[in-house]
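The structure appears below as structure tokens.
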Amino acid sequence: MDKPGFPSFPPDFVWGVSTASYQIEGAVKEGGRGPSSWDAFVAEPGRIANGDTGEVACDHYHRYPEDIGLMKELGVDAYRFSFSWSRIQPDGSGAVNADGLAFYDRLVDGLLDAGITPSPTLFHWDTPLELEQAGGWLNRDTARRFADYAEIVGGHFADRIPRWITINEPVVLTMLGYGAGIHAPGLSLGFDALPAAHHLLLGHGLGVQALRAVGASTIGIANNHAATWPASEHEEDLQAASLYDNIANWIFADPILTGSYPEELAPFLPPVPDSDLAIISTPIDWYGINSYNPALVGAPTAGEAALVDGHELDASLPFSLREIEGYPRTDFDWPVVPEALTELLVGFKERYGEKLPPIYITENGAAINVGPDADGRVRDQRRIDYTDSHLHALKAAMDAGVDVRGYFHWSLLDNFEWAAGYSQRFGLVHIDYATAKRTPKDSYFWYQELIKANKGPLQQ
Ligand code: BGC
């Protein structure tokens, strides 16, 4: 560590770790689970690096007691996991699978016994296959089905789960799943994917209402956001960056926090009834931000398609994502720009003022692909550096008046990194995928010390 001491946070600041069902659970055919959009997508040749699938993943479905033990030892206050919708409703609607609920009963009770607050997400991209085949999130009906599912899960767990997240990152599912064909369901609709964004937001609003109706409280969403930088001061670059900013950030935050879509997007959106916007802006108790790095955006470059994680985007898009030079990079080739997190959070406060509820960072982390050395230790100093610098940046935003209540590191475990398969390692705990052996990395012990320092008498 090159910084003198840990960043210091308020004593009631929530320290957590995040995961998601399809990325860690495995056991895709056990316990009555129905197939999801991701089971179908990974089976299509060429979709996932090395032909990897989530069939076994971290085998968390069987090894969850060990993972709870690792979290207890780590000292986290809270654990953000996600429910697999098709474990609970195998067809995405109708009959409830009691075995599916029973798995999460065991997990939730185990967490509570360990003194860890379950802080789950209802939906982290693994749409039940039957719903996907009926149009998925392009179909408005999926939002209604999601509300039914929220009612089932909320009704079952409201007395034991004190913090809820409706949906994870509608932007990524819309852009990479329906827009660019990089994630399930693998459609490349470009701007025609935007109805999926609206239906995800509608699902979020209906989900908030359904959760509240069954007594759940402290409800938020986990949205992905990136500070957006124009590639230059030229008018074309400014315009392209502004459009991207609206599509990647504000289309997802504005309707929730202000009840309207950004005006600049009107030409791209179908007419939206006010009644939908009223549902989407149903008050939430907190706002979750997942953030990894900023985006540098310019006008489209002739003949050159923009790349996202090595995948080419449609060359006809009215913007292009550019390389951010001059910063260290993670092994996923993402730039490490901690000050962009401060800028993002301060920008949120400036944009929404009093309308901005307290913020939690629901994801932040880095792919650092190192394994155990000969002595068995995993020396992932660059993850420590990434996290340390981002926590300092987060603290700077708090010092500037942004109300941030907690930080959930992505991720507890190395896991199935979507289109990149197992090639990218985001965990504080290393997974040997041949044996499912868990090895806490140097970053795990660093995070443990950081939490201790922030809870204990040493706190400055
Ligand atoms: C997602 C996670 C993912 C992480 C790293 C977020 O977009 O919510 O599922 O693993 O970023 O790519």
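Remember, it's 1-based here, ligands and their atoms both numbered in the order they're listed.
Which parts of ligand 1 touch Glu417 is read off a 4.0 Å heavy-atom cut-off, strictly below it: atoms 3 (C), 5 (C), 10 (O), 12 (O).
Closest heavy-atom approach to atom 11 (O) of ligand 1 within the set Gln23, Glu363, Gln424: this belongs to Glu363.
Taking the six-membered ring where tryptophan is involved, the planes of Trp418 and Trp38 are tilted, since the angle between them lies from 30° to 60°. Ring pair His60/Tyr64 is perpendicular by interplanar angle, where above 60° counts as perpendicular and below 30° as parallel.
If you run side-chain contact (heavy atoms from CB on, under 4.5 Å) between Phe408 and each of Val14, Ile361, Asn364, only Val14 comes through.
Annotation: salt bridge (Lys or Arg N to Asp or Glu O under 4.0 Å) contacts of Asp141 (sequence neighbours excluded): Arg145. Scanning for salt bridge (Lys or Arg N to Asp or Glu O under 4.0 Å) contacts around Asp380 gives Arg383, with sequence neighbours left out.
Using a 4.0 Å cutoff on heavy atoms, His124 counts as a contact of ligand 1.
Counting heavy atoms closer than 4.0 Å to ligand 1, residue Asn168 contributes side-chain atoms (C-beta onward) but none from N, CA, C or O. Contact annotation: for Trp334 versus ligand 1, heavy atoms closer than 4.0 Å belong to the side chain alone.
Between Asn415 and ligand 1, a contact under 3.5 Å exists for no N or O pair.
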